[in-house]
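First comes the structure, then the notes that go with it.
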Amino acid sequence: MSTFFGDNRGHMQLFDKIKTEIVNVTHRSYGTSIDPGLLTVSPTRKDFEGDMTVVIFPLVKLLRKKPQDIGAIIGDHLVSKMPEIDHFNVVQGFVNLSLTSDYWLSFLEKSLAHDEYGKLARNGEKVMIEYSSPNTNKPLHLGHIRNILLGSSCANIMHAAGFEVVKVQVINDRGIAICKSMLAWLKYGGGETPASTGEKGDHLVGKYYVRFEKEFRDEYQEWQQSPKAQEVFESRKKEDQSRDQFFAAYKNEYFNRYSELGNEAREMLQKWEDGDADTIELWSQMNGWVYAGFDQTYERLGVDFDHLYYESETWKLGKSEVLQGLDKNLFFQKDDGSVWVDLSHEDKDEKILLRSDGTSVYITQDIGTAMQRYRDYGIDRMVYVVADEQNYHFQVLFEILNMLDEPYAEGLFHLSYGMVDLPSGKMKSREGTVVDADDLIDDVISEARQVAMEKGDLEDLDESARDEVFFRIGMGALKFFILKVNPGKRMTFDPEASVDMQGQTGPYVQNAYVRIQSVLRKAGSISADFRSCQSFGDTEKHLLTQIFMYPEIVKRSANEYDPSVIANFCYDLAKSYHRFYHDVPILTAESDAARNFRLSLSSMVGTVLENGMNLLGIEMPQRM
RNA sequence: GGCUUCGUAGCUUAACUGGAUAGAGCACCUGACUACGAAUCAGGAGGUUGCAGGUUCGAAUCCUGCCGAGGUCACCA
């Protein structure tokens, strides 16, 4: 017998076989060669009899026969050619195939024997995933959490789908923003450090960034009363623009032209760029505080990186590549010396690549970094996890790398995700509505603790074991809440709902797993001797079908760079199991074979739930 | 304004990429713990998939036009 499950993709082999046989039979019966791509095979919808369904509508037009007739011929052929298929029925253009009990039982047997069910064969491709990419002037917030969870779970999923994965982050450790924090710390800090205050380093530095912004705002307010401000307003205002509107829009220019604090910050940046020793030392000291803080947060989130790219080291990259492109006439130069790319053939504008003074801009750096990464790792694909406000930027970047004929250009992907809103609207740092990452993590864990303590099922565990359970439940709730939403969609984050532990949540899935562990513990050892269990009900069949589809789900999730596919699958599987658990006796089954079958099935569901949730970065508790 | 993404129950969302009667959860109402864990299960109510056309065996999904919401159009990153 063939090892239908040998490559861990039993479903695909079955589906491919069905498609091939359909191609054969339509050729033989109608003399028409059809493209197997026209056929779709999927699990049968409940409310219809059968396990797998083939949609044959596309053939109806091609063959000019009635769906009923085509369906009957296909069904008869499949039943006679494929021992796995027991019988079939045709409804409209759908052929519903019922697989034999034997097929299902042997499927379960083989799945159980598999160590890493759902991990697909290595495909020899290497993918790099960039995520998190924080600025070092303030702590991580809810938006970063979505980014980090998407990136790290995507890495897990692509690894499971057969890729070799390299996880990286770009650290934006230079620029005017960090200089603002440094300046404020020098002016108002009184020498305080994370050690002296006990404050987490990233929060301490963030505090001074906020302080700078406040001082700057005050300075700006005061300046607006000056004659100079009045003069600027009179000469520069657009018609029907109020004073407030004007000065709100003018803020940036004020910072660059008149502001004392702005001037000091720019001077500091200049000194940094000139390599001034004191400035560099302060810079690396404060960045060090921030990294220590970030590391704590990353550890709690359970994420890590294989390599860090510091912007302070990469910000000058790209210039020589742009100049080479200029030589090849891919780019052009304007009279003032600045270098541009013309993307009008792609329905885009011209875009600047080098300033008139010859220095790099943001996109120049990204071009250089991409090439650097290819030299470092020889990657086939590159995934950037970056919010959707940068969609245009990445379209341009990819187009340029394409023009430069980079070998990985086909494999570039921008995993663009929507911003996270609060029920009250957008997060705004100015209004203090930003949800801090560390606070959020604390909140979900303490909520988990509270719910668990009320239930009181963990009283026999010692404190550290209990804390571990609370941690897993709290983080499970948070991660699931964020990852179950399709990345492309803007999401509303309701802090109340995020700590919910009922319904479509992480703890709901964890609870199914915990129930399974509890039954397995009570059962003692499990025997895989269930081949004589020849009939099983719809609930069991439903679970088997879902387990059967799991590798396909992993593949789809990886193809679409979308963890929500896994999250929704895990929820559906947990839901089916809860129902099964409620409706069907396991330990007190009517026969040994039935008991063995149900225990084995439970065990397999537990394995798949754990594997799936692990791909989301969620750990399963043994008890809760 | 140009380009772009999106609009599904009161709220948060799903729909195997064009397939069967649009699925769930929250909130609301009803029922089930002396059976393997009630963070559970069963049931009820809640939908003209923003609106109007079009394409075809078949549309939440594709096309066109409106309406509404975001994003983006820097020699910032």
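A note on names: the letters A, B, ... follow the listed sequences, proteins ahead of strands, and every chain is numbered from 1.
Here the straight-line distance linking atom CG of N263(A) with atom CZ of R257(A) works out to 13.0 Å at 0.5 Å rounding.
The distance between atom OH of Y508(A) and atom P of rG25(B), rounded to the nearest whole Å, is 8 Å. Atom CD1 of I176(A) is separated from atom C1' of rA74(B) by 16 Å (rounded to the nearest Å). Here the P atom of nucleotide rG25(B) and the CG atom of N486(A) are 20 Å apart, to the nearest Å. The interatomic distance linking H582(A) (NE2) with rA32(B) (C1') rounds to 6 Å, in whole Å. Rounded to an integer number of Å, the gap from CG of D500(A) to P of rU40(B) is 10 Å. For the pair E311(A) CD and rA77(B) C1', the interatomic distance rounds to 7 Å; values are reported in whole Å. Between F493(A) atom CZ and rU13(B) atom P there is a gap of 12 Å when expressed in whole angstrom units. Atom CG in L422(A) sits about 15 Å away from atom C1' in rC11(B), given to the nearest Å.
Residues passing the ring pair (Phe, Tyr, Trp, His ring centres under 6.0 Å) test with F94(A) are F57(A), sequence neighbours excluded. By the ring pair (Phe, Tyr, Trp, His ring centres under 6.0 Å) test, F216(A) pairs with Y254(A), F255(A), sequence neighbours left out. With sequence neighbours left out, the ring pair (Phe, Tyr, Trp, His ring centres under 6.0 Å) criterion links F331(A) to no other residue. Under the side-chain contact (heavy atoms from CB on, under 4.5 Å) criterion, R623(A) pairs with L458(A), D460(A), L461(A), R521(A), not counting sequence neighbours. Every residue two or more places apart in sequence or in another chain was checked for a salt bridge (charged side-chain N to carboxylate O under 4.0 Å, His left out) with R466(A), and none qualifies. Under the side-chain hydrogen bond (donor to acceptor under 3.5 Å, both in side chains) criterion, D538(A) pairs with no residue at all, not counting sequence neighbours.
The side chain to side chain donor-acceptor pair (under 3.5 Å) analysis of residues 578-601 of chain A, with sequence neighbours excluded, yields the pairs R515(A)-H578(A), E540(A)-R598(A), E590(A)-R598(A). Within the structure, no pair that satisfies the salt bridge (charged side-chain N to carboxylate O under 4.0 Å, His left out) test touches residues 59-72 of chain A, not counting sequence neighbours.
Put simply, R623(A) has no side-chain N or O that comes within less than 4.0 Å of OP1 or OP2 on rG37(B). Phosphate contact (OP1/OP2 of rA35(B), side-chain N/O of T588(A), threshold under 4.0 Å): absent. For K555(A), no side-chain nitrogen or oxygen approaches OP1 or OP2 of rC16(B) to under 4.0 Å. Between T492(A) and rU13(B) there is a side-chain polar atom (N or O) within less than 4.0 angstrom of OP1 or OP2. The phosphate of rC76(B) has OP1 or OP2 within less than 4.0 Å of a side-chain N or O from R355(A).
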List every contact pair, protein side and nucleotides 1-10 of chain B side both N or O, where the distance is under 3.5 Å.
none

Output one line per pair: protein atom, nucleotide atom from nucleotides 21-24 of chain B, and distance, for all N/O pairs under 3.5 Å.
unit_1, atom_1, unit_2, atom_2, d
rA24(B), O2', Y571(A), OH, 3.1

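When the P atom is compared between rG50(B) and rU13(B), the two are found 15 Å apart, to the nearest whole Å. Comparing the P positions of rU64(B) and rC29(B) gives a spacing of 47 Å, expressed to the nearest Å. Remark: the separation of the P atoms in rU48(B) and rG2(B) is 32 Å, to the nearest Å. Taking atom C1' in both rU40(B) and rU56(B), one finds a spacing of 45 Å when rounded to whole Å. When the P atom is compared between rC63(B) and rC6(B), the two are found 11 Å apart, to the nearest whole Å.
Picking from rU13(B), rA42(B), rG71(B) the nucleotide with the shortest atom distance to the side chain of M491(A) gives rU13(B). For F57(A), the side-chain atoms get nearest to rC57(B) when compared with the rest of rA20(B), rC57(B), rG71(B). Side-chain atoms of M624(A) lie closest to rG37(B) of the nucleotides rA14(B), rC36(B), rG37(B). Comparing rG70(B), rC16(B), rG71(B) against the side chain of S42(A) picks out rC16(B) as the nearest. The R515(A) side chain lies nearest to rA38(B) when the options are rA39(B), rA38(B), rC36(B). Closest approach to the K61(A) side chain among rA77(B), rC36(B), rC57(B) is made by rC57(B) (side chain taken as heavy atoms from C-beta onward).
P585(A) comes within 4.0 angstrom of a nucleotide base, judged by non-hydrogen atoms across all strands. Residue S564(A) is classed as having no contact, given no heavy-atom separation below 4.0 Å to the nucleic acid. If you check every strand for non-hydrogen atoms under 4.0 Å, P58(A) touches a base. The residue V565(A) sits apart from the nucleic acid: no heavy atom pair falls under 4.0 Å. Residue V54(A) is out of contact with every strand shown, counting any heavy-atom pair closer than 4.0 Å. Across all strands shown, D366(A) has no heavy atoms under 4.0 Å from either base or sugar-phosphate atoms. Within 4.0 Å of E560(A), counting heavy atoms only, lies at least one base atom of the nucleic acid. When heavy atoms are screened at a 4.0 angstrom cut-off, L354(A) is found touching no nucleic acid atom at all. Backbone-only engagement by V361(A) is indicated by non-hydrogen atom pairs under 4.0 Å involving sugar-phosphate atoms exclusively.
For the residue pair T505(A) and D500(A), no side-chain donor N or O sits within less than 3.5 Å of a side-chain acceptor on the partner. Side-chain contact check for S576(A) and Q546(A): at least one donor-acceptor pair (N or O, by modelled atom type) lies under 3.5 Å.
Stems are defined here as 3 or more consecutive Watson-Crick or G-U wobble pairs with pairing distances under 3.5 Å; those involving RNA chain B are B:1-7 with B:67-73, B:10-13 with B:23-26, B:28-32 with B:40-44, B:50-54 with B:62-66.
The ring of Y513(A) has its center no closer than 6.0 angstrom to the ring center of Y577(A).
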Is there a salt bridge (charged side-chain N to carboxylate O under 4.0 Å, His left out) between D357(A) and R355(A) once you walk through the steps?
-> CA-CA 5 Å; D357(A) 64 6; R355(A) 297 190 183 98; 5.1 Å; no

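rU17(B) takes the syn form, because its glycosidic angle lies no more than 90° either side of 0.
You'll find the side chain of V435(A) stays beyond 4.5 Å of the side chain of I145(A), heavy atoms only. For the pair H393(A)/Y362(A), a side-chain contact is recorded, criterion being any heavy-atom separation below 4.5 Å from C-beta on.
Residues from residues 443-453 of chain A lying near RNA chain B, meaning a heavy-atom separation below 4.0 Å, are V451(A), A452(A) in numerical order.
Residue F413(A) forms a ring pair (Phe, Tyr, Trp, His ring centres under 6.0 Å) with just one option from F394(A), Y384(A), Y561(A), F398(A), and that option is Y561(A).
By the 6.0 Å contact criterion, NZ on K316(A) is open, its count of non-hydrogen atoms from other residues, nucleotides or ligands being 12 or less.
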